[in-house]
Amino acid sequence: DKIPAERMLGNISLSDLKTISQEDIEQLLRMTDQIQDFQELMMKYECAMYEIKTKLDVLNKELSLRNNRNPFESIKTRIKAPISLFEKMQRKGIPFKVENIKNNISDVAGIRVICSFIDDIYMLADCLKDQDDVRLIEIKDYIENPKPSGYRSLHLILEVPIFLTHDKEFMTVEVQFRTIAMDFWASLEHKMKYKKDIQDAEMITEDLCFSADMINQIDRRMQQIRERIDSGKVKDSL
Ligand code: GTP
Ligand code: MG
């Protein structure tokens with residue numbers, strides 16, 4: 001039971017949404033003559049994503065040479081899949097048209113930076129947002145203000161210019177900074193959230209939130225330990 005393209009352009013139900021595949025989205029873009037514009041837009045997001053990733057790699061190189069340790073452990077990049085983009089726009093009630101993507105969706109290009117310590121997160125985020133070709137659009141500090149789920153991370157919505165043959169265009173990139181511990185929690189919670197028909201859903205949510213708080217205490221503890229070690233180093237060398 002295929003959903004006709006005309007219906008995919010309007011509002012469709014959640015159950016219909018589940019039957020739509022990646023190929024259907026591509027088909028839809030072709031039928032509405034948007035495939036080329038779509039590919040061009042995604043190419044621009046990809047370029048912007050690499051601009052920001054390079055800035056982070058540069059900071060990592062400089063700081064690890066200077067301090068003998070890496071400010072981040074790993075970095076991941078992703079472009080939102082067309083099907084996820086379609087789902088998100090459906091959820092927000094925005095018609096799936098290429099012209100609507102840029103103004104409404106801020107996480108087409110995403111970067112996740114996994115740090116060892118909480119203070120590295122703020123140090124990196126400050127360095128990045130203060131660069132003079134980077135525009136800060138929004139900061140969501142879910143470390144200071146965790147989500148009700150217990151989710152912690154620092155999100156930056158940035159704009160960065162990309163330079164093409166004929167034009168310069170600012171593109172949005174979402175950067176999520178979190179510690180290894182926060183990432184551990186977020187990955188497992190994400191996996192479990194999508195399990196259907198959970199019994200005791202409320203208790204499980206509470207338990208997950210409690211676990212997030214425990215993980216946060218350990219994160220702060222590890223940071224204190226590192227600070228003690230660092231201050232010991234200074235004393236030794238005096
Ligand atoms: P979205 O519509 O999901 O993009 O929400 P939003 O635009 O309000 O953005 P928000 O700042 O809430 O962060 C969205 C992203 O953060 C998600 O795509 C996840 O990667 C992550 N995130 C936010 N909340 C949670 C959570 O409770 N658990 C996990 N595992 N990840 C979360
Ligand atoms: Mg998002």
Side-chain angles (χ1 to χ4, degrees), residues 11-12 14 17-18 20 22 25 41-42 45-46 48-49 52-53 56 72-97 100-115 118 121-122 124-125 128-129 134-160 171-196 198 200-219:
N11 258 349
I12 60 175
L14 211 63
L17 204 55
K18 287 194 189 109
I20 291 173
Q22 198 79 43
I25 305 291
L41 185 66
M42 292 303 127
Y45 277 116
E46 197 178 351
M49 184 176 79
I52 298 287
K53 181 180 184 288
L56 286 159
F72 63 82
E73 292 281 317
S74 68
I75 183 164
K76 290 174 214 155
T77 56
R78 73 105 181 84
I79 293 292
K80 208 174 190 71
I83 184 100
S84 312
L85 202 49
F86 180 80
E87 274 169 18
K88 186 163 187 170
M89 291 175 79
Q90 278 286 334
R91 193 153 37 82
K92 292 184 152 200
I94 300 158
F96 188 64
K97 287 190 193 144
N100 288 343
I101 295 174
K102 218 184 157 188
N103 292 331
N104 293 287
I105 308 294
S106 58
D107 66 344
V108 177
I111 302 184
R112 187 169 290 159
V113 186
I114 313 293
C115 300
I118 296 170
I121 291 177
Y122 290 104
L124 279 173
L128 185 61
K129 77 172 168 40
V134 173
R135 290 180 185 161
L136 176 67
I137 305 302
E138 195 182 356
I139 291 191
K140 298 187 215 174
D141 190 345
Y142 299 128
I143 299 173
E144 206 49 53
N145 307 296
K147 290 220 164 178
S149 61
Y151 176 78
R152 286 172 173 80
S153 286
L154 180 72
H155 293 189
L156 300 188
I157 312 285
L158 304 172
E159 273 182 4
V160 67
M171 301 299 296
T172 306
V173 179
E174 180 183 276
V175 191
Q176 301 181 344
F177 293 93
R178 37 172 99 146
T179 60
I180 301 167
M182 292 170 195
D183 188 51
F184 159 71
W185 183 92
S187 310
L188 296 190
E189 190 257 4
H190 181 75
K191 268 186 221 160
M192 293 193 282
K193 204 159 55 180
Y194 294 103
K195 286 259 188 295
K196 287 146 197 75
I198 317 169
D200 286 331
E202 210 167 299
M203 274 224 325
I204 286 179
T205 306
E206 216 172 279
D207 231 3
L208 277 167
C209 189
F210 181 73
S211 308
D213 289 343
M214 280 175 34
I215 285 170
N216 182 241
Q217 284 178 34
I218 297 176
D219 250 344

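Starting from 1, each residue takes its place in the sequence as its number. Atoms within a ligand are numbered from 1 in the order they appear, just like the ligands themselves.
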**Prompt:** For atom 24 (N) of ligand 1, which of Lys147, Arg91, Arg112 has the closest heavy atom?
**Reply:** Lys147

**Asked** Sequence neighbours excluded, which residues qualify as side-chain hydrogen bond (donor to acceptor under 3.5 Å, both in side chains) partners of Glu73?
**Response** Ser116

**Request:** Indicate yes or no: does an N/O atom of Lys140 lie under 3.5 Å from an N/O atom of ligand 1?
**Result:** yes

**Asked** Purely on distance, is any nitrogen or oxygen of Lys88 under 3.5 Å from one on ligand 1?
**Response** yes

**Atoms of ligand 1, numbered as shown, that sit under 4.0 Å from any heavy atom of Asp107** = 4 (O)

**Ligand-side contact atoms (ligand 1) for residue partner Ala186, heavy atom cut-off under 4.0 Å** = 30 (N)

**Fill in**
Rounded to the nearest 0.5 angstrom, the CD1-CG distance for Ile111 and Leu56 is 6.0 Å

**Prompt:** Where do Cys209 and Pro148 come nearest, in terms of heavy atoms and distance?
**Reply:** SG-O, 3.6 Å

**Prompt:** Is it the case that more than 12 heavy atoms not belonging to Glu206 sit under 6.0 Å from its CD atom?
**Reply:** no

**Item:** Element-labelled atoms of ligand 1 that are located less than 4.0 Å from some non-hydrogen atom of Tyr142
**Value:** 10 (P), 11 (O), 12 (O)

**Fill in**
For Ser149, the atoms of ligand 1 under 4.0 Å from one of its heavy atoms are 26 (C), 27 (O)

**Donor-acceptor contact below 3.5 Å, side chain Asp200 vs main chain Met203** = no

**Message:** Please check whether Glu174 reaches ligand 1 - meaning an N/O of the residue sits under 3.5 Å from an N/O of the ligand, judged on distance alone.
**Reply:** no

**Prompt:** To which of Arg178, Met192, Glu189, His155 does the heavy atom nearest atom 14 (C) of ligand 1 belong?
**Reply:** His155

**Complete:** Heavy-atom proximity to atom 19 (C) of ligand 1, picking from Gln176, Glu138, His190, points to Gln176

**Partners passing side-chain hydrogen bond (donor to acceptor under 3.5 Å, both in side chains) against Ser153 (at least two apart in sequence or in another chain)** = Tyr151, Arg178

**Item:** Asn100 side-chain N/O to Pro95 backbone N/O, donor-acceptor pair under 3.5 Å
**Value:** yes

**Asked** Counting N and O atoms only, with roles assigned by atom type, does the side chain of Trp185 sit under 3.5 Å from a partner on the main chain of Asp213, one being a donor and the other an acceptor?
**Response** no

**Request:** Using a 4.0 Å heavy-atom cut-off, say whether Lys92 meets ligand 1 through its side chain, its backbone, both or neither.
**Result:** neither

**Message:** Can you tell me if Lys193 contacts ligand 1 (heavy atom of the residue under 4.0 Å from the ligand)?
**Reply:** yes

